[in-house]
Structures are given as C-alpha cells and as structure tokens.
Undergrad: 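Dumping the structure here so I can ask a few things about it.
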Amino acid sequence: MSKLTILRYPHPNLHQVAKPVEVVDDRVRQIVADMFETMYDANGVGLAATQVDIHERIIVMDVSEERDQPIVLINPVVVWSSSEHVVNEEGCLSVPGIYDAVDRAERVRVKAMDEHGNSREVEGEGLLSRCIQHEMDHLQGKVFVEYLSALKRNRIKTKLVKAERDAAKA
C-alpha cells in the first residue's frame, strides 16, 4: 500500500467527472487499499478517487468511531433518497480546515460493487448518508464548497491558495 496525494481545492482536476470502472481487478483493489491508507492517515471519513487524481468511480468510507467498518463503493448509483433533508456542517480532505453547512437528503440508498466486484446496496442515514452524497459529488466533479455562495467560495479559494503559497515558501 502507499499513501496517495490528495488534491486541494481549487485544483482543476477536482472538477473532472469520473469514468465507470470497467472491471474490478487487482489494479482496482490496489487503488482501494491505497485510498483507505490515505483516508485513514488524513483522519477522513470518506475519499473519492477523484480527490487523489484517479478519475474512476471509486469511493472508500469509514464513518465508525473505531475506524473498523470500511465501505467500498465502485460505480455507485443512487437508487433512492428520502424527501426529508437535513442541513449540517461538512468538511473535506480537499478543502482542509474549512467547514460549512450543506443541505443533503437525510437518508440515501446506493447500488454499487465492492472491491471483489460483488453487487451490493448500502443504505445510510446521518453521517453515512452525508458521506455517500458528498463523495458521489466528487465523482461528478463537484466540491462541497460549490453549494456555498460565490462570496464564500471565493474567500475559501483565496485562503487556500494563500496557505499553499505560504507553505511553498517555508
């Protein structure tokens, strides 16, 4: 396994739409393993392949307190979402240190494949539902800050670009 580099907003590759995985093989399983290592190392609860500059429809998640309930979603498709919505704070490994309120469906069910190519359905509520929707947005080339006002988005972009510039000087 190896840790991957997480793209930082406003990197243009975060806006690429991911392509479906054609076959779940050892190459894909290695990507999944590397994504889990990267996500756990960054103390995240979810990671989409787009965030590590791999533009395939792969998501890894673990919203458990013990960090022992990994979930893999390959080629996920939403098959149902609740009409009830919840506004809650979100953060993102690609937008470090930034948290803001986003409106999401309270519950969602997705159909996907696991890392062995087996079909599965996952239904989530609470943090799992939010994580599924957030990571699926990444596969469509959308970052959570795009739900915010243009003013907030521009402030965040300016702050992150400045932080990256300052880090490069250090």
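Just so it is clear, the values below take in all heavy atoms, side chains as well, and ignore hydrogens, waters and symmetry mates. Predicted model, so just to flag it, every value in this text is computed and none were measured.
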Undergrad: Does one hydrophobic cluster hold both I132 and V102, with members joined at side-chain heavy-atom distances below 4.5 Å?
TA: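 Shared cluster, no.
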Undergrad: Would you check if the side chain of H116 reaches a backbone N or O of N118 as a donor-acceptor pair within less than 3.5 Å?
TA: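 Here the side-chain-to-backbone pair does not exist.
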Undergrad: Decide yes or no for R130 and V86: does some side-chain heavy atom of the first lie under 4.5 Å from some side-chain heavy atom of the second?
TA: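 Yes, their side chains come closer than 4.5 Å.
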Undergrad: Could you tell me whether the side chains of Q51 and S94 share a donor-acceptor contact shorter than 3.5 Å?
TA: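 Judged by distance alone, the side chains do pair up.
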Undergrad: Indicate yes or no: at least one non-hydrogen side-chain atom of C92 is less than 4.5 angstrom from one of H138.
TA: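 When only atoms from C-beta onward are counted, H138 and C92 do touch, with a gap below 4.5 Å.
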Undergrad: Tell me whether the count of non-hydrogen atoms from other residues, nucleotides or ligands lying under 6.0 Å of NZ in K111 goes above 12.
TA: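 12 or below, so no.
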Undergrad: Less than 4.5 Å apart, any side-chain heavy atom of R57 and any of M136?
TA: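 Heavy-atom side-chain distance check passes, below 4.5 Å.
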Undergrad: Taking a hydrophobic cluster as the set of Ile, Leu, Val, Met, Phe, Trp and Tyr residues connected by side-chain heavy atoms closer than 4.5 Å, whether directly or through intermediates, do V95 and I6 fall within one such cluster?
TA: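 No, because V95 and I6 fall into different hydrophobic clusters, even though each may have its own neighbours under 4.5 Å.
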Undergrad: If only atom types and distance count, is the side chain of N75 paired as donor or acceptor with the main-chain N or O of P20 below 3.5 Å?
TA: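 Absent.
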Undergrad: Determine, for E146 against R153, whether the closest basic-nitrogen to carboxylate-oxygen distance falls under 4.0 angstrom.
TA: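 Judged by the 4.0 Å cut-off on N to carboxylate O distance, E146 and R153 do not form a salt bridge.
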Undergrad: Find out whether R8 and L14 are in side-chain contact, i.e. whether some heavy atom of one side chain is under 4.5 Å from a heavy atom of the other.
TA: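 The answer is no; the side chains never approach within 4.5 Å.
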Undergrad: Is the closest side-chain heavy-atom distance between N88 and R104 below 4.5 Å?
TA: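 Contact flag for N88/R104 side chains = no.
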Undergrad: Who pairs with Y9 by ring pair (Phe, Tyr, Trp, His ring centres under 6.0 Å), at least two apart in sequence or on another chain?
TA: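 For Y9, no residue satisfies ring pair (Phe, Tyr, Trp, His ring centres under 6.0 Å) once neighbours in sequence are set aside.
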Undergrad: Is it the case that atom CD in E65 sees more than 12 heavy atoms from other parts of the structure closer than 6.0 Å?
TA: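 At most 12 heavy atoms, drawn from other residues, nucleotides or ligands, come within 6.0 Å of this atom.
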Undergrad: Evaluate the side-chain proximity of V161 to E164: yes if any heavy-atom separation is below 4.5 Å, no if none is.
TA: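 When only atoms from C-beta onward are counted, V161 and E164 do not touch, as no gap falls below 4.5 Å.
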Undergrad: Check whether more than 12 heavy atoms from other residues, nucleotides or ligands sit under 6.0 Å from atom CD of E22, and answer yes or no.
TA: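 No, the 6.0 Å shell around CD holds no more than 12 heavy atoms from other groups.
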Undergrad: When you compare the side chains of H55 and D53, does any donor N or O come within less than 3.5 Å of an acceptor on the partner?
TA: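 Present: a donor and an acceptor within the cut-off.
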Undergrad: Taking the side chain as C-beta and beyond, is there a heavy-atom pair between Q30 and E115 under 4.5 Å?
TA: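 Side chain of Q30 against side chain of E115, heavy atoms only: no contact under 4.5 Å found.
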Undergrad: Under 6.0 Å from the ring centre and within 45 degrees of the ring axis: does the NZ or CZ of K152 meet both conditions for the six-membered ring of Y147?
TA: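 Checked: cation-pi criterion not met.
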Undergrad: Do V24 and M35 share a hydrophobic cluster, counting only Ile, Leu, Val, Met, Phe, Trp and Tyr and linking them when any side-chain heavy atoms are less than 4.5 Å apart?
TA: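 Same hydrophobic cluster.
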Undergrad: Donor-acceptor pair, distance only, cut-off 3.5 Å: does the side chain of D34 make one with the backbone of S2?
TA: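 Yes; judged by distance alone, with no hydrogens or angles, the pair exists.
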Undergrad: If hydrophobic clusters are built by linking Ile, Leu, Val, Met, Phe, Trp and Tyr wherever their side-chain heavy atoms come under 4.5 Å apart, do L4 and L93 end up in the same one?
TA: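 Hydrophobic grouping puts L4 with L93.
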Undergrad: For the residue pair D62 and Y40, establish whether any side-chain heavy-atom pair is separated by less than 4.5 Å.
TA: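 In contact.
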Undergrad: If you count the non-hydrogen atoms of other residues, nucleotides and ligands that lie under 6.0 Å from CZ in R155, is the total more than 12?
TA: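 No, CZ of R155 has 12 or fewer neighbouring heavy atoms, counting only those of other groups under 6.0 Å.
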